[in-house]
Trainee: 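Let me give you the structure first, and then I'll get to my questions.
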Amino acid sequence: MQNDKLKSLLETVWTPFGLIAGLAVVTLFVQLMGTGTVQSFWTEILIRIILVTGFYIFIGNSGVFAFGHAAFACVGGYVAAWLSMDAMFKQIMLTGLPGWVQSAHVAPWLSVFAAMAAAAVAALVVGAVIVRLSDIAASIATFAFLLVVNRIYSNWDSVTGGAAPLTNIPSLGGIWASFVFMAGALVIAWLFQQSRFGLMLRASRDDEVAAMATGISVYRMRLVAFVLSGAVMGCGGAVYSFFLGILTADVFYMSLTFLLLVMLVVGGAESLTGVVVGVVAVSCVSEVLRLGEEGVALPNGDMLALPLGMQQILLGIFMVFVLINRADGITRGSELPLPKAFRKPQSIVSGERKTAS
Amino acid sequence: MTEPYLEVRDLFVSYGQIAALRGVSLHVDPGETVCVVGPNGAGKSTLMAAIAGGARAQRGGVYLAGQDISSGKPEDIARRGLSLVPEGRQIFSTLTVAENLKLGGFMQGNAGNARWMMNDLMDLFPILRQRANYPAGRLSGGEQQMLAIARAIMTDPQLIMIDEPSLGLAPKIVDQVYEILAEIKARRGVTLLINEQSSARVLKYADRIYVLRGGQVQLCDRAENLTDGEAIKRAYFGFDKEGV
C-alpha cells in the first residue's frame, strides 16, 4: 500500500521532475564543454522555454489561441530593466520615469519578480475584457493588444527610450540563473495544470457547454490562466532582457511571437512536455537555418549561403511538415511517460491520451 | 399539493426571426419523472437550454423551487441543484473517466462526500471503474452516455435534465440507460426531466408526458392515461381530425 502511494506520488511529479532533470544534465554538459556561442545558444533555449510555457499555460489549458502574450514579456522586460539599470543612465535618458524608479537599483533577480507582478496586473486588466470574448474574437483581440503595446513602447521616448535601445542592462548571472527561472516556470505550469482550476479549464477546452452544466465558470477559469500565463511571460521577458543586455520593444514583437507559437504548435500545445520538446526542436532547426543564412566559405573564396529571410520561410515549412505528420504536435498532447519499472499496473493507459479518433 | 420543483411559465425563445418556443408552460414536481416528447425541431433542446441558462427567453419565466432563475448564468443554475446532460453525450474527451467524475464533484464543495459518491457510482457503473484511467473520448457511445449521466449525478443535483439519452444508441443500450436512470431515481430520489424523440420507451418510465411540437405544448397528461399511444400520436404529428 505504502508502495502504491509512493508510486502515484511519483506519477504526479514525474513530468516536471523528469523535464527539469533532463534539462539540467544538458545545461551542465553545455557549461563544462560548450564554447561561448553554444552556451548562449542554450541559455536562449532555456529562456524560450519560459516564454513558451507562458503561452502554454493559457493556450494549452483553455484551447483558446492567444497571439498577444509577447506584450506581457515586453511589459516584464522593461520593468526589470527600469528597476535594475544604472541610475545615471535613467536620469539622463528616461526623464519620464518616476523619481523612485530613476533612482532604483534593484538586484536583477529581484526585479524579475517585480516584472512578473507587473505583467500579471497587465494581464488581469486586459484579460478581464478579452477573455469574455468568444474564441476567435479573443485571439484577434490579444493580437490587437500586442500591436498597441508595441506602438506605445516604441514611441514613448521619455519612458522607454523609444526607438533608441536601452543599453547597459545588467546581467542576471550565468546560465544557471536562467535555468532556475525556467525550472520555476515549469513547476508553476505543472501545479496549475494539476490543480482543480487547471482541470476545470481543460474540461471547458473539451466542451464548453458541458463544463458550464457542471457548474464551471469558464470565464473565471480562463482569467486565472490568463493572469498566470501573463506573469510567466513577464518572467521570461525579464530574464530575456538581462540575457540580451540591450532592449527595444521590437524584441517582443511579431518575429518572437511567430517563433514561440511555432515552438508550441510543433511540440504539441496540449502538454508541458510538448513545450520543452518544441522549443528544443525548433531552436535547433532554426539555428541550423541561421548558420545557413550566414553561409560557408568555399575553397575558392566564394560564400555559399541561403538568401536572407529563408530562415523564417523554411521554419514555416518545417512547421507545416510536422503538422501534416502529427496534427497534435510531436508529443500529441501526452506527457513524459514514467519509466515502466515505476508504473502502477492499472495506470499503463494514462500515457495514451488523445489517441482517440 | 406540493409546490412544483421546477416551473416554466409561458416561455418564448427565438433565434433571430425564428421562434423556437412559443409560450411553453410546464412543471415538474419533486420526485417525478417527466418526459418531453416531440419531433426534430419541436424546441425540446431549446427548452432545456432555456431552463439551464444557456438560452435567453424573450418572455416568460423559469422558477426553481419558487425562485426566478431565468436570468441566471448556466454555472450558477447548475450550482443550485439543476444538472443538465446536454445532447450528444458531451463528455470531456481528453480527460480521463475519473477526472470527468471528479469535475462533477467539485461543485459539492465536500471532497469526502464526492469521493464516496464516486465510489458508489463506480459500483453502479462497473465499466467506469474498469476504464477509470482511460481518456473518456475512447469509451463507446453507450459508455459515454453513462459517464455523462454519472458526472451529472456527481454534482449532487435535485433535478437532472437529460437531452435525448437515446440519441445514436442501439436499442439494447438505450434500455440499459433507462434502467440505470430508474435505479438512480430509486436510490437517490432525484427528479428527472427527459427529452425524447420517440414515445414508446418513455411511456414505461415516465410519470407524466408533455408533447411538444412547433414550439408549443400540444398535450400534457399522466403516462397511464396515454398507454394506447393514440393521443400522443395525434399531438405528435398534428392530426387534429380523425382519419387525416
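Sequence lines set the chain letters: A, B, ... in the order given, protein chains first and strands last, and positions in each chain run from 1. Fair warning: this is a prediction, and the values are worked out from it, not measured in the lab. Every heavy atom of this structure was used, including side-chain atoms; hydrogens, water molecules and symmetry mates were not.
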Trainee: If you round to the nearest 0.5 Å, how far is CD of A:Glu208 from CD of B:Gln90?
Mentor: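 One finds 11.0 Å between CD of B:Gln90 and CD of A:Glu208.
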Trainee: Test side-chain contact (heavy atoms from CB on, under 4.5 Å) on A:Arg202 and B:Thr94; report intermediate values, then the result.
Mentor: CA-CA 8 Å; A:Arg202 278 183 292 136; B:Thr94 67; 5.6 Å; no
Trainee: What do you reckon, is CZ of B:Arg115 surrounded by more than 12 foreign heavy atoms closer than 6.0 Å?
Mentor: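 No - once you tally the heavy atoms of other residues, nucleotides and ligands closer than 6.0 Å, there are 12 at most.
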Trainee: Could you please state which residues from residues 209-223 of chain A sit under 4.5 angstrom from chain B, measuring non-hydrogen atom to non-hydrogen atom, sorted by number, or 'none'?
Mentor: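 Hits under 4.5 Å: A:Val209, A:Ala210, A:Ala211, A:Met212, A:Ala213, A:Thr214, A:Gly215, A:Ile216, A:Ser217.
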Trainee: Count the heavy-atom pairs under 4.5 Å between each of B:Ile77, B:Thr155, B:Leu103 and chain A, then report the option with the highest count.
Mentor: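 Maximum pair count with chain A is reached by B:Leu103.
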Trainee: I'd like to know whether CZ of A:Phe318 has more than 12 heavy-atom contacts from other residues, nucleotides or ligands below 6.0 angstrom.
Mentor: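 More than 12 within 6.0 Å, yes.
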Trainee: How long is the gap from CE on A:Met200 to CG on B:Leu95, to the nearest 0.5 Å?
Mentor: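 Going from CE on A:Met200 over to CG on B:Leu95, the span is 12.0 Å.
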Trainee: Please find the pair of heavy atoms, one from B:Phe92 and one from A:Asp207, that lie closest to each other, and give the distance.
Mentor: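 For B:Phe92 and A:Asp207, the tightest heavy-atom pair comes out as CE2-O, 3.6 Å.
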Trainee: Inspect the surroundings of OH in B:Tyr205 and state if more than 12 heavy atoms from other residues, nucleotides or ligands are less than 6.0 Å away.
Mentor: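 Result for OH/B:Tyr205: enclosed.
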Trainee: Tell me whether the count of non-hydrogen atoms from other residues, nucleotides or ligands lying under 6.0 Å of CZ in A:Phe197 goes above 12.
Mentor: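 Counting other residues, nucleotides and ligands, CZ of A:Phe197 stays at 12 neighbours or fewer.
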